[in-house]
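Report on the structure given below.
Naming convention: chains lettered A, B, ... in sequence-line order (proteins, then strands); numbering from 1 in each chain.
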There are 2 protein chains.
Amino acid sequence: MATSLAEENYLKIIYRLCEGTKEDISTNSIAELTNNKAASVTDMLQKLAEKGWVTYQKYQGVRLTKIGESIALSIIRKHRLWEVFLVEKLGYNWDEVHEIAEQLEHIESETLINKLDSFLDFPKIDPHGDPIPSQEGEIPELGYLHLSEVKLNETCTLMGVAKDSAVFLQLLTKLNLSLGARLEVLEFNTFDRSVSLKIAEEKPIFISHEVAKNILVKV
Amino acid sequence: MATSLAEENYLKIIYRLCEGTKEDISTNSIAELTNNKAASVTDMLQKLAEKGWVTYQKYQGVRLTKIGESIALSIIRKHRLWEVFLVEKLGYNWDEVHEIAEQLEHIESETLINKLDSFLDFPKIDPHGDPIPSQEGEIPELGYLHLSEVKLNETCTLMGVAKDSAVFLQLLTKLNLSLGARLEVLEFNTFDRSVSLKIAEEKPIFISHEVAKNILVKV
DNA sequence: ATTAATTTTTAGTCTAGACTAAAAATTAAT
DNA sequence: ATTAATTTTTAGTCTAGACTAAAAATTAAT
C-alpha cells in the first residue's frame with residue numbers, strides 16, 4: 001500500500017519514540033516532534049491503525065506493527081544513505097545535511113536506493129555515526145556508550161552522536177570533536193556534571209553533561 | 001515565494017507548451033498533460049496568475065511571465081541534472097530515469113543542485129541530449145535538426161531525442177540507435193513516409209516517420 | 001448571420017491533513 | 001475517595017487541489 005508524505009513522517013517519528021521504551025507512545029509526544037496539535041495526531045493515528053501500521057487503543061497510546069516498523073526502517077535507510085551521499089560525494093558538512101535528507105527520504109524507488117547503496121560502497125553508518133538499516137530492515141547493533149557513561153581514564157573513540165541538530169553538530173566541530181577522535185575522560189565534575197576531557201594528546205577541555213550525553217563512543 | 005509540488009508541475013508543463021509557439025496556451029492542452037480536468041486547470045491558472053507567474057485572460061489562454069519562466073527553468077535544470085546523475089553515476093539506462101527525476105526535481109535546495117552540477121562536471125546536456133539550463137536560466141541553443149528534415153546522403157550524428165517516453169527510448173535501443181551514432185539518410189519513402197537509414201557502416205534499416213521526427217541530429 | 005459544436009469557466013462537492021474549542025478519559029493530589 | 005489537573009479525543013472548520021454538472025463564451029459550420 002502506498003504511503004503519503006504525512007504518513008511517512010508520522011511512522012518515522014513513532015519509530016524514534018518506540019526505540020528505547022517498551023511502553024506505548026503518547027499522543028502528545030508525537031505532536032511535539034511532528035509540530036502538530038494533539039488533535040491532528042489522534043486523527044492520523046486512527047488512519048494508521050486502519051491501515052495496519054500501528055496498534056492503537058484510545059487513550060492508551062500507540063506502537064508500530066511489524067509492517068509499520070519495516071516502513072519506518074526503509075525511510076530511515078533512505079535518509080541515512082542520502083546523508084552519506086551528501087557528505088561523501090557532494091562535500092557537505094555533517095551539520096548541513098539533515099533538512100535535505102528529510103526531503104530525499106521520501107523519493108520512491110526501490111532500485112534507486114539500492115543503486116545508491118552500491119554507489120556509496122554499502123556504508124554501514126551515516127555521517128553522524130548512526131547505523132544504516134539493510135534492505136531487509138536489519139539494523140546493526142553497534143553497542144556504543146554515551147560519553148557520560150564511560151569509566152574514568154579509559155580511552156575511547158568518538159563513533160557517533162545521539163542527536164543531529166545543526167547547532168549541536170556545529171558546537172562539536174568548534175570543540176574539535178569529530179567522528180574517530182580519540183577521547184579520554186579525566187573527570188566528572190560533580191558541581192555542574194560537566195566532563196573534563198582530553199582529545200588525543202591535546203590539553204584538556206570541559207564539556208557540559210548535555211554534550212557528553214549526546215556523544216557516542218566505543219571503548 | 002515558495003512553490004508547491006502541484007504549482008511546479010503546472011509551470012513545467014506550461015513552459016513545455018509555450019516553447020515553440022508564440023500563441024497563448026489553452027486550458028485543455030494543459031489539462032491533457034497534467035492529467036487533470038479542464039475545470040481544475042482553470043482553478044490553478046487563476047492562482048498562478050494571482051502569484052504573478054503567468055499572464056491569464058479568461059477564455060484567452062495563458063503564458064508564463066519572466067518569473068514563471070525562471071521557476072520552470074530551475075525545475076527543468078534540476079530534472080536534467082538528476083537524470084545525468086542517475087545515468088552517469090548510478091548506471092541507469094536512459095529509458096529508466098524519467099519518473100525518478102520527476103520526483104527529484106522537486107527537492108528544494110539551491111546549494112544541493114549546484115553541488116550536484118559540480119559533482120557531475122557541469123554537464124551541458126542530459127542523457128536524452130536535452131540542454132541543461134544554467135543557474136541563471138540560460139539554455140544553450142544547440143541547433144539540432146529532426147532526422148526527418150536532413151538532406152539525403154548527408155552524414156549526421158544522433159544528438160538527442162524530442163520525446164523521452166520509455167517505450168520510444170526502448171525502441172531506439174532495440175534499433176541500435178544511441179547518442180553519438182553516425183547516421184546517413186538513404187531515402188525518404190513516399191508510401192508511408194518511412195526512412196531508410198544507415199547506422200555507421202551497418203546495413204540499412206527502416207524507421208517510421210514517427211521515429212525519425214523524434215530523433216535530433218547535428219550535420 | 002444564425003445555429004451548432006466545442007472549449008472554458010463557474011458553482012458546488014469531496015478528501016487529506018491540518019486547526020480550535022469543548023467534551024471525555026485518565027492521572028495526580030489532597 | 002473525591003476533586004483538580006492533565007491528556008486525549010470528538011465535533012466542527014479550513015485550505016489546497018482535485019472532481020462533476022451546468023452555464024457561459026468562443027469558434028466552426030451552414
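- Distance CG (Leu5(A)) to C1' (dA18(C)): 14 Å, rounded to an integer number of Å.
- For Glu32(A), the CD atom counts as loosely surrounded, since its 6.0 Å shell holds 12 or fewer non-hydrogen atoms of other residues, nucleotides or ligands.
- Taking the charged nitrogens against the carboxylate oxygens, Lys51(A) and Glu7(A) do have a contact shorter than 4.0 Å, which makes a salt bridge.
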Nucleotide N/O to protein N/O under 3.5 Å, stretch nucleotides 9-11 of chain D:
unit_1, atom_1, unit_2, atom_2, d
dT9(D), OP1, Tyr56(A), OH, 2.3
dT9(D), OP1, Tyr59(A), N, 2.8
dT9(D), OP2, Thr27(A), OG1, 2.9
dT9(D), OP2, Thr42(A), OG1, 2.8
dT9(D), OP2, Tyr56(A), OH, 3.4
dT9(D), O5', Tyr56(A), OH, 3.4
dT9(D), O4', Tyr59(A), OH, 3.4
dT10(D), OP1, Lys58(A), NZ, 2.6
dT10(D), OP2, Gln46(A), NE2, 2.7

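- Spacing between atom CG of Asn9(A) and atom C1' of dG17(C) amounts to 12 Å, rounded to whole angstrom units.
- Asn28(A) has no side-chain polar atom (N or O) that falls below the 4.0 Å cut-off from OP1 or OP2 of dT6(D).
- Judged purely by atom type and a 3.5 angstrom limit, Asn189(A) has no side-chain atom pairing as donor or acceptor with the backbone of Asp192(A).
- The backbone N or O of Asn114(A) lies less than 3.5 Å from no partner atom in the side chain of Ser118(A), so there is not a single donor-acceptor pair.
- In this structure, Lys47(B) places its NZ atom 11 Å from P of dT15(D), rounding to the nearest Å.
- Between Trp82(A) and Trp82(B), the angle of the ring planes goes over 60°, which puts this pair in the perpendicular group of the 30/60° scheme.
- Close to dT20(D), at under 4.0 Å from its OP1 or OP2, lies a side-chain N or O of Lys37(B).
- The pair Arg80(A)-Glu83(A) does not meet the salt-bridge criterion, since no charged nitrogen lies less than 4.0 angstrom from a carboxylate oxygen.
- Checked by atom type and distance alone, the side chain of Tyr92(B) pairs as donor or acceptor with a backbone atom of Leu112(A) at under 3.5 Å.
- Whole-Å rounding puts the Met44(A) CE to dA18(C) C1' distance at 9 Å.
- Protein atom CG of Asn36(A) is 11 Å distant from nucleotide atom P of dG17(C), rounded to whole Å.
- Within a 6.0 Å sphere centred on CD of Glu102(A), heavy atoms belonging to other residues, nucleotides or ligands number more than 12.
- A stem is defined here as three or more consecutive Watson-Crick or G-U pairs, each with both distances under 3.5 Å; for DNA chain D these stems are C:1-30 with D:1-30.
- Residue Glu23(B) places its CD atom among 12 or fewer non-hydrogen atoms of other residues, nucleotides or ligands, all under 6.0 Å distant.
- If you measure from atom CD1 of Ile30(B) to atom C1' of dG17(D), you get 15 Å, rounded to the nearest angstrom.
- OP1 or OP2 of dG17(C) sits under 4.0 Å from a side-chain N or O of Ser4(A).
- If you take CD of Glu7(B) and C1' of dA18(D), they are 14 Å apart, rounded to a whole angstrom.
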